[in-house]
Undergrad: 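One structure coming up, written as structure tokens, with questions to follow.
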Amino acid sequence: MCAQHRYCMQDPSLEVTDKLLLEQIQPGSRVLDLGCGDGRLLARLRDERDASVLGIEIDITQHHASIARGVPVLQADLDEGLQDIPDGAFDYVVLSQTLQQVLHPKQLLEEMVRVAKQALVVVPNFGNWRIRLQVLKQGRAPVTEVLPYEWYNTPNLHLMSMHDFQDLMRLLGIEILQEIPIINHRAVEKAWLANLRAQHVLYILQRLEESSTKTESEHLLHSS
Amino acid sequence: MATQQEISEIRQHSGVGFVQTQLATLFEPPHSLKLAGGGELGPIQVAYETYGELTPAKDNAIFICHALTGDAHAAGYYEQDDEKAKPGWWDDLIGPGRALDTNKYFVICANVLGGCQGTTGPESKNPETDHSYRLDFPFITVGDIVEVHSALTKHLGIDQLLAVIGGSLGGMQVLDWAARFPDQIRGAICLATAAQLSAQGIAFNAVGRRAIKTDPEYKEGKYEKGAGPRYGLALARMIAHITYLSDQSIEMKFGRRLQDQDTFQYEMLPEVEFQVESYLHYQGKRFVERFDANSYLYLTKAMDYFDLASQYGSLTKALGKTDARFLIASYDSDWLFTTTQSKELVRALIECGKHVSFIELKSPFGHDSFLIEIKQLQKMITPFLEQAYQTRLAESAKKS
């Protein structure tokens, strides 16, 4: 459990995140889920969205559980990249609550927009006011509810706020198509003071090259 | 020698109990098998074993493809073989409640074309000359082997297999099956295998063949049954055996320990001074008792020739036509069939949008792991087959 008197970041609950992700994915798509666990989300995408799915999971027990759901799954370490996935092999690639735990988040994001047309990323927002307050008042590193680790054994290697994430996307040339803050277990499409209030955020991303050509053509369309 | 009681105790651990090898005669002229390397062959006798019961819908059959020097005896015991009570080579995997659950599935394993354990091969009698074929036996390929296995399943009344499973050369047969008869299989389990043998693998096979051919008793293949290039064949097996192990497994099993004394003998003639020497000599000797040298030449050559990508233009073209779901596993200590080679298959299957699962299993036992680490296999094969079967049942329920 969390250390006493410490704010614990709420878990957006799998149900909320799954539902949110499910809503974003067009029926009949090809979907890759990074860190797919027991294949729960992919099985739903297959059954409810007629998606053709693939999971990547490092844990062997979870790997077997995915197979038991009939979800195809590759055992691989996200810290070693996605070199076995061909370019553009998927419509969507999903990374839920994992980016903050990988060794090289920058490389992984670049790989994600390489292997899929769109990347759906759910990350915790460390710009949330309670965390800021905790750091300010107690001068202590934040601890989350689902991952109640101390600073020395936390799997959360890379903490970011919404602003930090946006900066990285600019640096990488990745366009944020949509930014959906999750506040108290609810997805709020347009949140006031999002970086202060959101506990988690869903980002829908795509490579800028593709989007800039799109914007250009839209621009041409407007001017003509 | 084991007592009767010991034998019966050992056998209680066998899942399928007593089994018998059966024979089928296929490709009777004029329906001879057209071989990939040219020419025809027929009739072909096939030695096979089955475990479990085929359902009336014939939807629960699983075919096991064996590796280079394996045979049809995959599970159970032979009743007549009292003194050497030894189970089939994958006995721990096959039987009631095991991964290939014989309460649910009908399991078939056959000796390969060109083999020497009951299926037509160089040792068999050529009906035209009434002598053994020996080197008159035509060249055979992995594809020819699969043609014969496929014909056997048809002969057993099965149109579509729930799964085909195999390791090493057996895994190559599974891949060839998926490419050659894409509609005949629902699942493909490929263990410690590749779409082509590496140059290193070909090199080791070449040395093995050389050892056989340079044995004076080889006599250009015309040796009598029971005689033949014993030393060359044993040497070929010793070399091959090293490639099946890993640095770590040799170290664990033998280290630098000596066999019969604590100090070096400082003599050249004794050849079994180190334990590892003694072990390899023993493996070679035992192999000669059960395997035919010409068969070894033919089968290693078939393995060297296998190249799925060049045969079909590319791996995606080869594997793109089947809707079978794939389960591919490699072993981290296997240096004969590497993880990189398995990943090439995975990559191609993802590229053509197939249902593929992959895992690199951890084991110290090198290439041989797929014959040893049964518990690991059990954990992934059980749910894989269960899903394949449930999906099939659901589909046929929908149709009716």
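Naming convention: chains lettered A, B, ... in sequence-line order (proteins, then strands); numbering from 1 in each chain.
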Undergrad: A/Q83 versus chain B, heavy atoms under 4.5 Å apart: side chain, backbone, both or neither?
TA: backbone

Undergrad: Indicate yes or no for a side-chain donor-acceptor contact from B/S246 to the backbone of B/P364 under 3.5 Å, with no hydrogens or angles considered.
TA: yes

Undergrad: Got a donor-acceptor contact below 3.5 angstrom from the B/K354 side chain to the B/T322 backbone?
TA: yes

Undergrad: Answer with side chain, backbone, both or neither: which region of B/L327 has an atom nearer than 4.5 Å to a non-hydrogen atom of chain A?
TA: side chain

Undergrad: Report which part of A/I56 has an atom under 4.5 Å of a heavy atom belonging to chain B: side chain, backbone, both, or neither.
TA: neither

Undergrad: Mind running side chain to side chain contact (heavy atoms under 4.5 Å, CB included) on A/N156 and A/Q101 for me, showing each step along the way?
TA: CA-CA 5 Å; A/N156 295 323; A/Q101 298 177 7; 3.5 Å; yes

Undergrad: Measuring heavy-atom distances to chain A, does B/E386 have an atom under 4.5 Å in its side chain, in its backbone, in both, or in neither?
TA: neither

Undergrad: Considering only heavy atoms and a distance below 4.5 Å, find which of B/Q390, B/E351, B/E344, B/R325 pairs most often with chain A.
TA: B/E351

Undergrad: Is the shortest side-chain N to carboxylate O distance from B/K375 to B/D92 below 4.0 Å?
TA: no

Undergrad: Among B/R347, B/K343, B/E360, B/K379, which has the most heavy-atom pairs under 4.5 Å with chain A?
TA: B/R347

Undergrad: Working to the nearest 0.5 angstrom, can you tell me the gap between A/L205 CG and A/L208 CG?
TA: 11.5 Å

Undergrad: So which heavy atom on A/M112 is nearest to which on A/V121, and how close?
TA: CE-CG2, 3.8 Å

Undergrad: Please identify, among A/E57, A/H64, A/R30, the residue contributing the most non-hydrogen atom pairs under 4.5 Å to chain B.
TA: A/H64

Undergrad: For each of B/A348, B/G353, B/S357, B/P383, tally heavy-atom pairs with chain A at distances under 4.5 Å, and name the one with the top tally.
TA: B/S357

Undergrad: A/I67 versus chain B, heavy atoms under 4.5 Å apart: side chain, backbone, both or neither?
TA: both

Undergrad: Side chain, backbone, both or neither: which part of A/H63 has an atom under 4.5 Å from a heavy atom of chain B?
TA: side chain

Undergrad: A/V71 versus chain B, heavy atoms under 4.5 Å apart: side chain, backbone, both or neither?
TA: backbone

Undergrad: Indicate yes or no for a side-chain donor-acceptor contact from A/D38 to the backbone of A/A65 under 3.5 Å, with no hydrogens or angles considered.
TA: no

Undergrad: If the threshold is 4.0 Å, N to carboxylate O, is there a salt bridge linking B/K58 and B/D159?
TA: no

